[in-house]
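Along the sequence shown, residues are numbered consecutively beginning with 1.
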Amino acid sequence: MKAAVVESRGQLVVKEIAEPTVGDYDVLCQMLYGSTCSSTDQHLIEDKMPWKVQFPIVLGHESIGRAIKIGPKVRSFKIGDLISRVGTPPIPEVGLNVSWGGFCELGIAKDHRAMREDGVPREQWKSYRINQVIPATYDPAASTMIITWRETLSYVRRLGVGKGSRVVVIGSGGTGLAFMVHARNLGASAIACIGNPSRQDAATKVGATSYFDYKRPDLFEAMQAKNCEFDFIIDSVGKAGMLNGVLPLLKPEGMVSIYGLDDYDTMQINPFRAQGTFTVYGGAYDEEEAHEQVIARMADGSLNANDWLDLAHPFPLRDINQAIDAVRTRKMIKALVRLG
């Protein structure tokens, strides 16, 4: 089968790899669509992750598959199910690694519920709780957004964003926009975005109540002039120096979170720029805990994939480099890739 493989730094190719085999708790899926992740994919391709990337590696962690074969101990999935976050497993004998391996033609989901019920050690199934059934009526192309939405919704809920919260999001990429839409849906009273000027309309559409160009030299003064003060700062980029610039706008007892990876090893926070005591969020997210709410939000229209993706014009898998480049050059927020 074909898969998108990063063979070495900067070298992404579509090539033939072995099809996955089906174990007792495995669900073989025909891969349908995947979405690019503007941060993770680019960091992997450029070997800029916080950890050493082991090339070659199959790219993609936002893919949807349809079940076509199930293992003998599978009880929670059936043939025809749409399943989230599916990918091909690594092939150690040829040295092929995966970053979930979602950009491919065939992938594997695991029946984590059956594994847990049967007493399989937690370490073997806990990471597969992201394999969740999607309603059969949902568009599999639009459903690629479920992964981004689950991650970011779990994250902002754990932060404590809720009714009346005042939030500033640093970054206007796919995850930044997701943080904004969740803040809106959770009842935040003010949502500011610091981002690229080309994304102002997109940010406003998903909930931003004010928008500031991240490059303007008087950014802090411009925000101060609009009486901006926040309970939460969410840095979706992680670029060194950016957060310190807006830290004086955080209310005492507020919370700062750094979600992005850009300058993971050199990020610094100067606490003396703050008005008072604040908390740095040190937690993460759990996709499974947000799955049902994301499904419900898609049904009521408060999460709309069209605000992120061009659903009518997916890139074929063979053109994965064009898809990645379209996101890198900000021609697209996220790119949709047709896998099957």
Only distances under 3.5 Å count here; give the side-chain donor-acceptor pairs of residues 186-196 to other protein atoms, sequence neighbours excluded, each with its distance to 0.1 Å.
unit_1 : atom_1 : unit_2 : atom_2 : d
Ser189 : OG     : Gly164 : O      : 3.0
Ser189 : OG     : Ser165 : O      : 3.4
Asn196 : OD1    : Ser198 : N      : 2.9
Asn196 : OD1    : Ser198 : OG     : 2.6

Review item, side-chain donor-acceptor pairs of residues 150-159, under 3.5 Å, at least two apart:
unit_1 : atom_1 : unit_2 : atom_2 : d
Arg150 : NE     : Glu287 : OE1    : 3.1
Arg150 : NH1    : Ser84  : OG     : 3.0
Arg150 : NH1    : His291 : ND1    : 2.9
Arg150 : NH2    : Ser84  : OG     : 3.4
Arg150 : NH2    : Ile130 : O      : 3.0
Arg150 : NH2    : Glu287 : OE1    : 2.6
Glu151 : OE1    : Tyr259 : OH     : 2.9
Thr152 : OG1    : Thr148 : O      : 2.7
Thr152 : OG1    : Trp149 : O      : 3.4
Thr152 : OG1    : His182 : NE2    : 3.0
Ser154 : OG     : Asp286 : N      : 2.8
Ser154 : OG     : Asp286 : O      : 3.3
Ser154 : OG     : Glu289 : OE2    : 2.6
Arg157 : NH1    : Gln293 : OE1    : 2.5
Arg158 : NE     : Glu289 : OE2    : 2.9
Arg158 : NH2    : Glu289 : OE1    : 3.1

TODO: Step by step, work out the side-chain hydrogen bond (donor to acceptor under 3.5 Å, both in side chains) result for Gln275 and Glu229.
DONE: CA-CA 11 Å; Gln275 297 182 38; Glu229 196 173 51; 2.9 Å; yes
Open item on the list: Test side-chain contact (heavy atoms from CB on, under 4.5 Å) on Ile170 and Tyr214; report intermediate values, then the result.
Closed with: CA-CA 8 Å; Ile170 300 174; Tyr214 79 102; over 6 Å; no
- [ ] Would you check, one step at a time, whether the test side-chain contact (heavy atoms from CB on, under 4.5 Å) holds for Asn270 with Leu247?
- [x] CA-CA 8 Å; Asn270 181 355; Leu247 191 57; 5.5 Å; no
TODO: List the steps and the verdict of side-chain contact (heavy atoms from CB on, under 4.5 Å) for Val5 and Leu59.
DONE: CA-CA 6 Å; Val5 180; Leu59 201 64; over 6 Å; no
Open item on the list: side-chain contact (heavy atoms from CB on, under 4.5 Å) for Ile83 and Ile64? Distances and angles first, verdict last.
Closed with: CA-CA 6 Å; Ile83 304 175; Ile64 304 298; over 6 Å; no
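Linking ILVMFWY residues whenever their side-chain heavy atoms come closer than 4.5 Å, directly or via other members, places Ile57 and Met31 in the same cluster.
Side chain of Thr144 to main chain of Ala141: a donor-acceptor pair is present (N/O by atom type, distance under 3.5 Å, no hydrogens or angles). The closest donor-acceptor contact from the side chain of Asp235 to the backbone of Gly238 lies under 3.5 Å. Without hydrogens or angle criteria, Tyr33 side chain to Asp139 main chain gives no donor-acceptor distance under 3.5 Å. The backbone N or O of Gln54 lies less than 3.5 Å from a partner atom in the side chain of Asn97, making a donor-acceptor pair. Between the Trp100 side chain and the Arg85 main chain, no donor and acceptor come within less than 3.5 Å of each other. In this structure, the side chain of Asn304 engages the main chain of Asn306 through a donor-acceptor pair within 3.5 Å.
Atom CG of Leu317 is separated from atom CD of Glu105 by 6.5 Å, given to the nearest 0.5 angstrom. Within the model, atoms OG of Ser257 and CZ of Phe232 stand 9.0 Å from one another, a figure rounded to the nearest 0.5 Å. Annotation: the span from Ile17 atom CD1 to Thr88 atom OG1 amounts to 4.5 Å, rounded to 0.5 Å. A distance of 3.5 Å separates OG in Ser76 from CG in Asp111, rounded to the nearest 0.5 Å. With rounding to the nearest 0.5 Å, the separation of SG in Cys104 from NZ in Lys15 is 14.0 Å. Atom CG of Asn131 and atom CH2 of Trp125 lie 13.0 Å apart (nearest 0.5 Å).
No hydrogens or angles considered: nothing links the side chains of Gln132 and Glu292 as a donor-acceptor pair under 3.5 Å.
Scored by the ring pair (Phe, Tyr, Trp, His ring centres under 6.0 Å) test, Phe220 finds no partners at all (sequence neighbours excluded). Judged as a side chain to side chain donor-acceptor pair (under 3.5 Å), and not counting sequence neighbours, the contacts of Glu16 are Lys2. Among residues two or more places apart in sequence or in another chain, the side-chain contact (heavy atoms from CB on, under 4.5 Å) test is passed with Asp262 by His43, Val237, Lys239.
Around atom CG of Asp300, more than 12 heavy atoms belonging to other residues, nucleotides or ligands sit under 6.0 Å away. Annotation: Tyr264, atom OH; neighbour count of heavy atoms from other residues, nucleotides and ligands within 6.0 Å does not exceed 12. The environment of Gln268 atom CD is sparse: at most 12 non-hydrogen atoms of other residues, nucleotides or ligands sit within 6.0 angstrom. Within a 6.0 Å radius of NZ in Lys48, no more than 12 heavy atoms belonging to other residues, nucleotides or ligands are found. Heavy atoms from other residues, nucleotides or ligands lying under 6.0 Å from CZ of Arg75 number more than 12.
Among residues at least two apart or in separate chains, salt bridge (charged side-chain N to carboxylate O under 4.0 Å, His left out) pairs with a member in residues 326-340 are Glu62-Lys334, Asp325-Arg328.
Residues Phe103 and Ser63 are in side-chain contact: their nearest non-hydrogen atoms beyond the backbone lie under 4.5 Å apart. Using a 4.5 Å cut-off on side-chain heavy atoms (C-beta onward), Val53 and Phe55 make contact. At a threshold of 4.5 Å between non-hydrogen side-chain atoms, the residues Asp231 and Val167 do not count as touching. Side-chain atoms of Leu261 and Pro50, non-hydrogen and from C-beta on, do get closer than 4.5 Å to each other. When side chains are defined from C-beta on, Ile233 does not count as touching Phe278, because their heavy atoms never get closer than 4.5 Å. Looking at Gln124 and Met115, their side chains come closer than 4.5 Å, going by heavy atoms from C-beta outward.
With salt bridges taken as basic N to acidic carboxylate O contacts below 4.0 Å, one links Arg216 and Asp218. Under the 4.0 Å criterion applied to side-chain N and carboxylate O atoms, Asp26 and Lys69 are not assigned as salt-bridge partners.
For Lys110 and Tyr25, the positive end is not near the middle of the six-membered ring at less than 6.0 Å and at most 45° from its axis.
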